[in-house]
Amino acid sequence: MYYPQYMATNTDTPRSTVSLPMPTILTQAPADAPGLSDKFGRQATDLRISLIDKCNLRCTYCMPADGLAWLPKSKLLTLEEIARIVRIGVHDLGIRELRLTGGEPLVRVDLPQIIAAVRAEHPALPISLTTNGVGLAKKAAALKESGLARINVSLDTLHAETFAKLTRRDHIDSVFAGIDAALAANLAPVKINAVLMRGINDEQAPELLAWALERGLELRFIEQMPLDADHVWRKDNMVTAADLRAYLESRFRLSPDTRPRDGAPAERFLVSTHADPDTILGAVGIIASVSEPFCADCKRTRITAEGKVMSCLFSREETDLSALLRDGSDDAAIAERWRAAMWGKPRAHGMEHTGLGSKDFVQSDRSMSAIGG
């Protein structure tokens, strides 16, 4: 449903002049707007909560070499606060899926307890985790036992030298071990997230897909986005979805998956060989946030590690829930503020139009590690 009478009209401050994250100017969502709706008719049903901003890698497309100033523990959402947010989301606001992210969520020592607490209240809720895989080998079985359903592991290359160049750390063997442990624990489907950087690992894409197919893993390539802390991203130097398909089709045949995408960020392709197009070897996904945006069907709402709603991954506005969580406010007040934050969700890419890299796009001061994927 579209509500034109509730469109924002304040255009006094051009977005291109804003240099710091701004608090959301809250406009109450209409009483008849379902769940976490926005003024463009979208409804968020996929909740992503960042558990911590800290990470043990320093990926060049995310963090500076020296890391960032981490949040103090007192600022992080507690186990009880996370469970309460999920409870409000599921019971009152139509949330149907939960993804736990970071930073690196495995760094959070109470991760199994968080998962167990959510699972105890929501036995049927799909709960997934995005991780860099470092340390996963020792924790995969416990995470499964706690109630985790599936996992996404970030891996951009199969080569130790390239891994070290991209992450500034020498942990590729730990990631491989973590993937094996996730498979053994049946955290299925195990998905692999890969970001390609031109001149570094872009030509390795077919090799990475072959490796994933051999192991029954679903690979998802993600276009590099302007969410790096160093702010060196350039649209004219990124590997686009079209580039990626050309790389993959040099070795494989890709056929569009005809099943409804239903708000999923990845466009999915069935994979076969040119010699035997009828034998499907598996699937691959491409998340083309920059070159082929899918904002019109976005169903995600994000909570940062310190309890702020980000209605859009590229939004510069944030709405704090932590104060309400800690001042005795009831669930209805928290739900209403969350609804208001999502009602103000921008049309696309933190603006009123798509256009990462356009002249009026202003990159957030938050990197991906501080937002949560």
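All values reported here derive from a predicted model rather than from experimental measurement.
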Go through the side-chain N and O atoms of [X] and [Y] and say whether any donor and acceptor fall under 3.5 Å apart.
{"X": "W338", "Y": "T301", "answer": "yes"}
{"X": "E104", "Y": "N56", "answer": "no"}
{"X": "D276", "Y": "T273", "answer": "no"}
{"X": "T162", "Y": "Q204", "answer": "yes"}
{"X": "S289", "Y": "E223", "answer": "no"}
{"X": "T101", "Y": "R48", "answer": "no"}

Looking at [atom1] of [X] and [atom2] of [Y], how far apart are the two atoms once the value is rounded to the nearest 0.5 Å?
{"X": "L166", "Y": "C59", "atom1": "CG", "atom2": "SG", "result": "7.5 Å"}
{"X": "L209", "Y": "F269", "atom1": "CG", "atom2": "CZ", "result": "12.0 Å"}
{"X": "D173", "Y": "F163", "atom1": "CG", "atom2": "CZ", "result": "9.5 Å"}
{"X": "Q43", "Y": "S37", "atom1": "CD", "atom2": "OG", "result": "4.5 Å"}
{"X": "L111", "Y": "L129", "atom1": "CG", "atom2": "CG", "result": "6.0 Å"}
{"X": "I286", "Y": "L219", "atom1": "CD1", "atom2": "CG", "result": "9.5 Å"}

So does [X] have more than 12 non-hydrogen atoms from other groups sitting under 6.0 Å from [atom1]?
{"X": "D330", "atom1": "CG", "answer": "yes"}
{"X": "E145", "atom1": "CD", "answer": "no"}
{"X": "D170", "atom1": "CG", "answer": "no"}

Please answer whether the main-chain N or O of [Y] pairs with a side-chain N or O of [X] as donor and acceptor at a distance below 3.5 Å.
{"X": "N201", "Y": "V195", "result": "yes"}
{"X": "S329", "Y": "L325", "result": "no"}
{"X": "R337", "Y": "D320", "result": "yes"}
{"X": "K139", "Y": "L106", "result": "yes"}
{"X": "S291", "Y": "A288", "result": "no"}
{"X": "R42", "Y": "R300", "result": "no"}
{"X": "E214", "Y": "W211", "result": "no"}
{"X": "R220", "Y": "N152", "result": "no"}
{"X": "H353", "Y": "A348", "result": "no"}
{"X": "S174", "Y": "H171", "result": "no"}

>> Using the rule given for side chain to side chain contact (heavy atoms under 4.5 Å, CB included), can you reason through I287 versus N193, listing the C-alpha separation, both sets of side-chain angles and the distance that settles it, and then say yes or no?
In response: CA-CA 10 Å; I287 300 178; N193 293 344; 5.7 Å; no

>> Other members of the hydrophobic cluster containing V109, with the 4.5 Å side-chain heavy-atom rule, please.
In response: none

Does [X] pair with [Y] as a salt bridge, N-O distance under 4.0 Å?
{"X": "R251", "Y": "E207", "answer": "no"}
{"X": "D262", "Y": "K299", "answer": "yes"}
{"X": "R84", "Y": "D331", "answer": "yes"}

Side chains of [X] and [Y]: does their closest heavy-atom pair fall under 4.5 Å?
{"X": "C55", "Y": "M63", "answer": "yes"}
{"X": "R169", "Y": "I172", "answer": "no"}
{"X": "T279", "Y": "S272", "answer": "no"}
{"X": "F176", "Y": "L155", "answer": "yes"}
{"X": "H349", "Y": "S315", "answer": "no"}
{"X": "R108", "Y": "I114", "answer": "yes"}
{"X": "P346", "Y": "M351", "answer": "no"}
{"X": "V290", "Y": "M238", "answer": "yes"}

>> Suppose we screen for salt bridge (Lys or Arg N to Asp or Glu O under 4.0 Å). Which residues come up paired with R198, at least two apart in sequence or across chains?
In response: D243

> Does the pair Y61 and D156 meet the rule for a side chain to side chain contact (heavy atoms under 4.5 Å, CB included), with working shown?
Replying inline: CA-CA 11 Å; Y61 50 78; D156 305 317; 2.7 Å; yes

> Between Q28 and W343, is a side chain to side chain contact (heavy atoms under 4.5 Å, CB included) present by the stated rule, with each step listed?
Replying inline: CA-CA 8 Å; Q28 186 175 6; W343 183 253; over 6 Å; no

> Does R268 have any side chain to side chain donor-acceptor pair (under 3.5 Å) partners at least two apart in sequence or in another chain, and if so, which?
Replying inline: E218, D257

Shared hydrophobic cluster, [X] / [Y] (ILVMFWY, side-chain heavy atoms < 4.5 Å):
{"X": "L270", "Y": "Y247", "answer": "no"}
{"X": "L79", "Y": "I334", "answer": "yes"}
{"X": "V86", "Y": "I88", "answer": "yes"}

Distance-minimising heavy-atom pair for [X] and [Y]:
{"X": "F294", "Y": "R261", "value": "CD2-NH2, 3.4 Å"}
{"X": "R339", "Y": "G35", "value": "NH1-O, 3.1 Å"}
{"X": "S154", "Y": "V175", "value": "O-CG1, 4.0 Å"}
{"X": "L208", "Y": "A194", "value": "CD2-CB, 3.7 Å"}
{"X": "L281", "Y": "L213", "value": "O-CD2, 3.7 Å"}
{"X": "I115", "Y": "G147", "value": "CG2-C, 3.7 Å"}

>> salt bridge (Lys or Arg N to Asp or Glu O under 4.0 Å) for E317 and K308? Distances and angles first, verdict last.
In response: CA-CA 10 Å; E317 289 77 32; K308 295 182 178 180; over 6 Å; no

> Under the side chain to side chain contact (heavy atoms under 4.5 Å, CB included) criterion, do R302 and R99 qualify, and how do the steps go?
Replying inline: CA-CA 9 Å; R302 290 177 170 83; R99 171 80 61 86; over 6 Å; no

